[in-house]
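By convention in this document, chain letters (A, B, ...) are assigned in the order of the sequence lines, proteins followed by strands, and residues within each chain are numbered from 1.
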Number of protein chains: 2
Amino acid sequence: MGRGWARHNAAVTVTGTAPPGVPAETTRARVERAALDLFTLRGFEQVTTDEVADAAGISRRTFFRYFATKADAVWGDFGAHVARLEELLAGTDPGRPVLESVCAAYVEVNDYAGTELPLLRERMLLILNEPALLAHSQLRYAEVDRVVARYVADRSGATPSDLVPRLVAATTRASATTAFEAWLADEHSALGDQLRQAFTELTRGFPGLVH
Amino acid sequence: MGRGWARHNAAVTVTGTAPPGVPAETTRARVERAALDLFTLRGFEQVTTDEVADAAGISRRTFFRYFATKADAVWGDFGAHVARLEELLAGTDPGRPVLESVCAAYVEVNDYAGTELPLLRERMLLILNEPALLAHSQLRYAEVDRVVARYVADRSGATPSDLVPRLVAATTRASATTAFEAWLADEHSALGDQLRQAFTELTRGFPGLVH
DNA sequence: AGGCTAGTGACACCCGGTGCCAGGGGGCAA
DNA sequence: TTGCCCCCTGGCACCGGGTGTCACTAGCCT
């Protein structure tokens with residue numbers, strides 16, 4: 001299937017009939033699902049944007065209007081995720097230690113409903129195992145780091161570009177990512193537990209390694 | 001200057017005459033220098049591989065034989081860097097605490113000679129500020145993380161895929177990167193000092209943030 | 001009806017990256 | 001010297017991600 005190709009179907013803008021009251025699946029959501037399925041099935045690099053677009057019943061050009069890059073189709077609405085983290089941080093108890101607040105916010109923002117977990121697993125498996133997606137992740141993490149560094153700076157009377165705020169942002173985020181990896185590796189573990197365990201190690205300075 | 005273009009010079013394989021005893025600059029080194037200069041001057045994305053190749057007096061095709069990707073031209077011989085870190089870790093005193101050994105190895109592997117610092121600065125400024133290079137960096141860091149995680153696992157009787165080894169690898173590396181950022185931001189600071197300061201904060205669990 | 005806007009598809013183009021083949025030069029043996 | 005081999009190189013066509021532009025259509029408002 002080459003670059004210029006006749007669409008073979010008259011663009012089904014909505015898939016089937018939505019239950020009354022439930023909004024019909026948006027085009028964006030449909031593309032996300034098609035992308036995730038294809039990428040999981042055959043690998044991120046092995047699937048072309050042409051194929052994803054085709055599977056979702058839109059043109060390649062339209063795909064790139066919904067998602068700036070091929071990788072973005074995997075990330076869902078990550079901006080909203082970051083915004084929620086920012087809100088959680090803004091609403092923390094000022095009497096609680098800074099570092100503890102950051103960790104708690106991370107745990108809470110990643111407290112997904114049970115029904116969302118399979119999707120999250122699929123997403124994260126792709127992101128952490130596909131080199132192209134792993135690379136892209138750094139750009140997304142940078143958004144998170146900025147938010148956390150700003151919070152730490154505000155609370156500790158520093159500026160977001162000082163060493164400690166940056167350091168807290170970078171290391172807590174690294175810990176969260178590692179917790180995700182551990183969660184993916186162990187089918188039966190709870191994401192929240194992995195996060196708490198990772199943060200405990202981090203904030204205590206890895207007590208088991210003093211030898 | 002389009003894709004197919006007549007080379008306008010008869011490939012100067014060596015730049016001028018090398019001082020006796022000193023090996024002539026290799027083609028690879030010449031390409032690296034050309035790439036770094038052009039990227040610094042006009043931005044990574046704004047320079048095409050065609051232009052870099054042209055500036056180095058080789059063809060585009062040959063450029064991609066020296067470097068797998070455009071980004072790799074910025075990273076010098078990073079593999080050797082990782083190998084050296086691995087050797088340093090292998091040669092650590094078994095009586096010293098694990099975490100301390102990792103940090104010390106990081107400091108030592110980044111102990112550059114004064115003459116190398118300007119080049120290092122240029123490289124790191126690009127890597128940390130150009131989105132495409134920042135993304136690529138994650139792939140390189142993964143190599144480092146594997147080495148560190150394996151070391152920590154060996155020393156602490158765990159496996160490299162356990163939480164703590166991964167966690168130490170991820171957080172020390174995040175700290176090192178943050179120290180690099182701080183070093184770049186402050187013209188007059190020493191890289192080693194920034195690294196030590198970052199590791200001190202990390203290993204003590206950010207003592208200033210208990211509030 | 002007429003006009004505005006938002007979403008879409010087609011198409012051409014740019015650029016990073018790759019497979020393939022055709023030289024070309026240097027070393028080595030006869 | 002001649003012939004052979006091998007490595008480095010350049011040219012070229014191709015793939016695929018990403019973008020600018022234009023034309024078309026469906027609504028929607030007046």
Q: May I have all residue pairs that pass side chain to side chain donor-acceptor pair (under 3.5 Å) and include part of residues 121-133 of chain B, sequence neighbours excluded?
A: Thr40(B)-Glu122(B)
Q: Quickly work out the Asp50(A) CG to dG9(C) C1' distance and round it to whole Å.
A: 12 Å
Q | Short N-O contact, Arg150(B) and Glu86(B), less than 4.0 angstrom | A | yes
(Q) Taking any heavy-atom pair under 4.0 Å as a contact, classify Tyr66(B): base, sugar-phosphate, or nothing. (A) sugar-phosphate
Q.
Tell me the interatomic distance from Phe67(A), atom CZ, to dG16(D), atom C1', rounded to whole angstroms.
A. 19 Å
(Q) Within the structure provided, determine whether Ser137(B) and Leu134(B) are in side-chain contact (heavy-atom separation under 4.5 Å). (A) yes
Report, one line per pair, each donor and acceptor closer than 3.5 Å where one atom sits in a side chain of residues 66-79 of chain A; sequence neighbours left out.
unit_1   : atom_1 : unit_2    : atom_2 : d
Thr69(A) : OG1    : Ala71(A)  : N      : 3.3
Thr69(A) : OG1    : Asp72(A)  : N      : 3.2
Thr69(A) : OG1    : Asp72(A)  : OD2    : 2.9
Lys70(A) : NZ     : Phe44(A)  : O      : 2.8
Lys70(A) : NZ     : Val47(A)  : O      : 2.7
Asp72(A) : OD1    : His136(A) : NE2    : 3.3
Asp72(A) : OD1    : Arg140(A) : NH2    : 2.3
Asp72(A) : OD2    : Thr69(A)  : N      : 3.3
Asp77(A) : OD1    : Ala80(A)  : N      : 3.3

Q: Quick one: label Val47(A) by what it contacts on the DNA or RNA (base, sugar-phosphate, nothing), any heavy atom closer than 4.0 Å.
A: sugar-phosphate
Q) How many Å lie between CZ on Arg28(B) and P on dC8(D), as a whole number? A) 13 Å
Q | Base of dG17(C) paired with side chain of Arg60(B) (donor-acceptor, under 3.5 Å) | A | yes
Q | Difference in axis direction between the ends of the helix from dA1(C)-dT30(D) to dA30(C)-dT1(D), five pairs, 10° | A | 10°
Strictly under 3.5 Å: I want the nitrogen or oxygen pairs between protein and nucleotides 20-26 of chain D, one per line.
unit_1  : atom_1 : unit_2   : atom_2 : d
dG20(D) : N7     : Arg61(A) : NH2    : 3.0
dG20(D) : O6     : Arg61(A) : NE     : 2.6

Q) Just by distance, do the side chain of Asp162(B) and the backbone of Val164(B) share a donor-acceptor pair under 3.5 Å? A) no
Q: Please determine if a side-chain N or O atom of Thr62(A) lies less than 4.0 Å away from the OP1 or OP2 oxygen of dT8(C).
A: no
Q.
Looking at Tyr106(A), is its backbone amide N or carbonyl O close enough to the side chain of Asn110(A) to form a donor-acceptor pair, meaning the two atoms are under 3.5 Å apart?
A. yes
Q: Would you indicate, yes or no, if dG16(C) has its OP1 or OP2 atom less than 4.0 angstrom from a side-chain nitrogen or oxygen of Thr49(B)?
A: yes
(Q) Tell me which residues in residues 36-43 of chain A lie within less than 4.0 Å of DNA chain C, going by non-hydrogen atoms. (A) none
Q. What's the CG-P distance between Asp72(A) and dT19(D), to the nearest Å?
A. 10 Å
Q.
Exactly one of Val98(A), Leu85(A), Val168(A) should register a side chain to side chain contact (heavy atoms under 4.5 Å, CB included) with Tyr151(A). Which one does?
A. Val98(A)
Q. Is there a side chain to side chain contact (heavy atoms under 4.5 Å, CB included) between Glu181(B) and Leu128(B) once you walk through the steps?
A. CA-CA 8 Å; Glu181(B) 288 174 16; Leu128(B) 294 174; 3.6 Å; yes
Show the distances under 3.5 angstrom between N or O atoms of the protein and N or O atoms of nucleotides 4-6 of chain C.
none

